Amino acid sequence: LADNGINSSMIQLQIGRQDSTDQNESSTTVLPTTTDNDDDATKKEDDATKFITDVNLIFKRLEQAQVLEEECKIFVAAGLLEGIDPKHFQPIHHVIIKEAELFQRLLRDSSSTIIASKTDDHESNNNEHTSSDEWIKQGEQRGERHNFAMYYKVSPTNQITCRLETPIEPQLLIPILAVLNESELYKTWIPQYKVPRLEVVKSEKLCQSGRVSQTILVETEVPWPIAKRELILKAVACDDIIDSDRNDDDDGKDGVGTSRILVRIQSLDCEDNGEDGLEILPARNGVRIKVDGGFVFEKCPVHHPMAKKKKSSSGDDDDDNLILLTFTFSVDPKLSILPQSVLNFFLRTAMRQIWGMFLHVAEEVGDGKRPAHSDAIERKREALYDWVEERTSALLQHSLSK
């Protein structure tokens with residue numbers, strides 16, 4: 001931020017913390033005590049005492065929050081808005097609050113303890129007897145280039161929720177982010193299936209709303225007689241990295257002293273018409289599905305089961321220097337009945353192969369074997385990838401030094 005002409009000392013405010021020089025008694029409105037017979041009024045007055053009334057401080061924080069949002073510092077930006085009456089907000093400040101809540105949900109989903117009471121096998125995979133809160137361990141892969149574990153659950157309304165956990169080597173972080181970001185190239189590497197049919201026939205970027213925020217349209221052919229599925233997907237990134245000028249105990253969001261990069265994905269539909277200037281009309285050639293989830297990159301715990309006996313590319317033990325990639329998503333396929341054969345194929349075949357191909361393509365990008373990705377990276381280097389490299393270096397410096 002200092003490079004952009006912003007005084008770095010102005011950005012020292014952290015989540016939920018107010019400057020001691022500005023937070024004296026004169027900066028808040030203190031109301032008289034109400035009677036015990038007016039609980040609602042008392043609550044409103046108690047809330048009012050939390051609002052900052054110093055106009056200069058309000059303006060300063062609103063301005064800083066907007067700058068931080070442009071740098072993907074969503075949590076820090078939201079923290080600066082705490083204590084400010086929303087009547088002072090511009091539209092961007094409401095967006096910051098909304099995004100912070102969505103990223104908090106992603107963190108909860110990706111860090112919650114999984115207790116898989118079942119193993120997905122041919123005898124015990126019956127949706128009618130599976131609780132919507134009960135994780136099933138679909139399986140794990142070891143011995144290949146990348147170890148990973150997959151879990152899933154199915155709700156009574158046939159919503160499928162999956163979680164994949166993969167330890168990766170630090171040098172794979174930037175290529176993975178590049179594969180995620182280059183949405184127009186998805187069709188070039190996502191596996192296509194003819195029997196049963198599961199084929200991405202269209203992948204189009206609809207808009208770029210920020211440095212690493214974009215909305216894409218994906219159309220997929222599925223087995224007959226199911227109609228084509230359409231997905232309008234918005235992806236937003238959050239830089240939750242502890243920089244060298246911040247204290248570890250100032251991090252504050254779901255894990256003291258933890259640095260992370262997060263990428264949130266969420267589908268859009270007609271009710272989101274107008275978001276980012278997009279006109280979102282009803283689907284014309286199929287059924288529009290709903291997806292919610294995202295990716296979390298953070299230091300891999302040494303005790304993580306998928307990290308054990310993980311070997312680096314040089315063949316040496318690398319358990320202490322791994323990044324944990326967690327991908328969680330929920331998808332509503334818009335089916336009144338979810339055939340077991342469809343669920344089995346999606347989880348046991350499609351998701352495993354797509355995830356494996358995703359990691360393989362990232363390795364090829366890192367090795368310079370994907371010309372289209374290499375060209376995109378060079379073309380966008382000044383606007384995007386130099387920044388991505390700087391922030392991922394900060395993540396690795398903080399995470400791997402612990």
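On a predicted model such as this, the values are computed, not experimentally measured, just so you know. Values below: every heavy atom of this structure, side chains too, minus hydrogens, waters and symmetry copies.
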Minimum heavy-atom separation for [X] to [Y], with atom names?
{"X": "E140", "Y": "R352", "answer": "N-NH2, 3.5 Å"}
{"X": "H373", "Y": "A178", "answer": "CD2-O, 4.4 Å"}
{"X": "P175", "Y": "G366", "answer": "CG-CA, 3.7 Å"}
{"X": "A237", "Y": "F103", "answer": "C-CZ, 3.7 Å"}
{"X": "P170", "Y": "I323", "answer": "CA-CG1, 4.4 Å"}
{"X": "D386", "Y": "E382", "answer": "OD2-CA, 3.9 Å"}

Run the side-chain contact (heavy atoms from CB on, under 4.5 Å) test on I176 and L359 for me, step by step, so that the C-alpha distance in whole Å, both residues' side-chain angles and the decisive distance to 0.1 Å come before the verdict. CA-CA 7 Å; I176 282 179; L359 297 171; 4.0 Å; yes

Note, [X] side chain near [Y] side chain (heavy atom, < 4.5 Å):
{"X": "W387", "Y": "C72", "value": "yes"}
{"X": "Q138", "Y": "I136", "value": "no"}
{"X": "V179", "Y": "W189", "value": "yes"}
{"X": "L80", "Y": "I96", "value": "no"}
{"X": "F148", "Y": "L325", "value": "no"}
{"X": "E71", "Y": "D239", "value": "no"}
{"X": "L343", "Y": "Q340", "value": "yes"}
{"X": "R288", "Y": "I280", "value": "yes"}

Measuring from [X]:[atom1] to [Y]:[atom2], what's the distance to the nearest 0.5 Å?
{"X": "I174", "Y": "R391", "atom1": "CD1", "atom2": "CZ", "result": "12.0 Å"}
{"X": "I265", "Y": "I216", "atom1": "CD1", "atom2": "CD1", "result": "8.5 Å"}
{"X": "K299", "Y": "S259", "atom1": "NZ", "atom2": "OG", "result": "11.5 Å"}
{"X": "L180", "Y": "F295", "atom1": "CG", "atom2": "CZ", "result": "4.5 Å"}
{"X": "Q214", "Y": "L206", "atom1": "CD", "atom2": "CG", "result": "9.5 Å"}
{"X": "T166", "Y": "I168", "atom1": "OG1", "atom2": "CD1", "result": "8.5 Å"}

When you measure from the side chain of [X] to the backbone of [Y], do you find a donor-acceptor pair of N or O atoms at a distance under 3.5 Å?
{"X": "K202", "Y": "K187", "value": "no"}
{"X": "R229", "Y": "A227", "value": "yes"}
{"X": "D54", "Y": "L57", "value": "yes"}
{"X": "N147", "Y": "M306", "value": "yes"}
{"X": "D276", "Y": "L278", "value": "no"}
{"X": "S213", "Y": "S209", "value": "no"}
{"X": "T215", "Y": "I232", "value": "no"}
{"X": "H93", "Y": "Q90", "value": "yes"}

Check [Y] with [X], please: is the shortest side-chain N to carboxylate O separation under 4.0 Å?
{"X": "K234", "Y": "D272", "answer": "no"}
{"X": "R260", "Y": "E298", "answer": "yes"}
{"X": "R211", "Y": "E70", "answer": "no"}
{"X": "E99", "Y": "R264", "answer": "yes"}
{"X": "E165", "Y": "R163", "answer": "yes"}

Would you indicate whether E271, at its atom CD, is surrounded by more than 12 heavy atoms from other residues, nucleotides or ligands within a distance under 6.0 Å? yes

Check whether more than 12 heavy atoms from other residues, nucleotides or ligands sit under 6.0 Å from atom NZ of K369, and answer yes or no.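 For K369, atom NZ is not crowded (no more than 12 foreign heavy atoms under 6.0 Å).
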
Verdict with supporting geometry, F75 and L107, side-chain contact (heavy atoms from CB on, under 4.5 Å): CA-CA 12 Å; F75 287 140; L107 280 178; 3.9 Å; yes

Please say which of V201, L198, L231 ends up in a side-chain contact (heavy atoms from CB on, under 4.5 Å) with T220. L198

Look at the rings of F329 and F327 and say which category their plane angle falls in: under 30° parallel, 30 to 60° tilted, over 60° perpendicular.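 F329 and F327: parallel rings.
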
Begin from the C-alpha positions of I74 and L262 and carry the test side-chain contact (heavy atoms from CB on, under 4.5 Å) through to its verdict. CA-CA 10 Å; I74 304 298; L262 304 96; over 6 Å; no

In sequence, state the C-alpha distance, the side-chain angles, and the governing distance for V218 and L233, and then conclude on side-chain contact (heavy atoms from CB on, under 4.5 Å). CA-CA 8 Å; V218 179; L233 196 65; 5.8 Å; no

Could you go through the salt bridge (Lys or Arg N to Asp or Glu O under 4.0 Å) check for R381 and E389 one step at a time? CA-CA 9 Å; R381 179 164 293 283; E389 290 182 4; 2.9 Å; yes

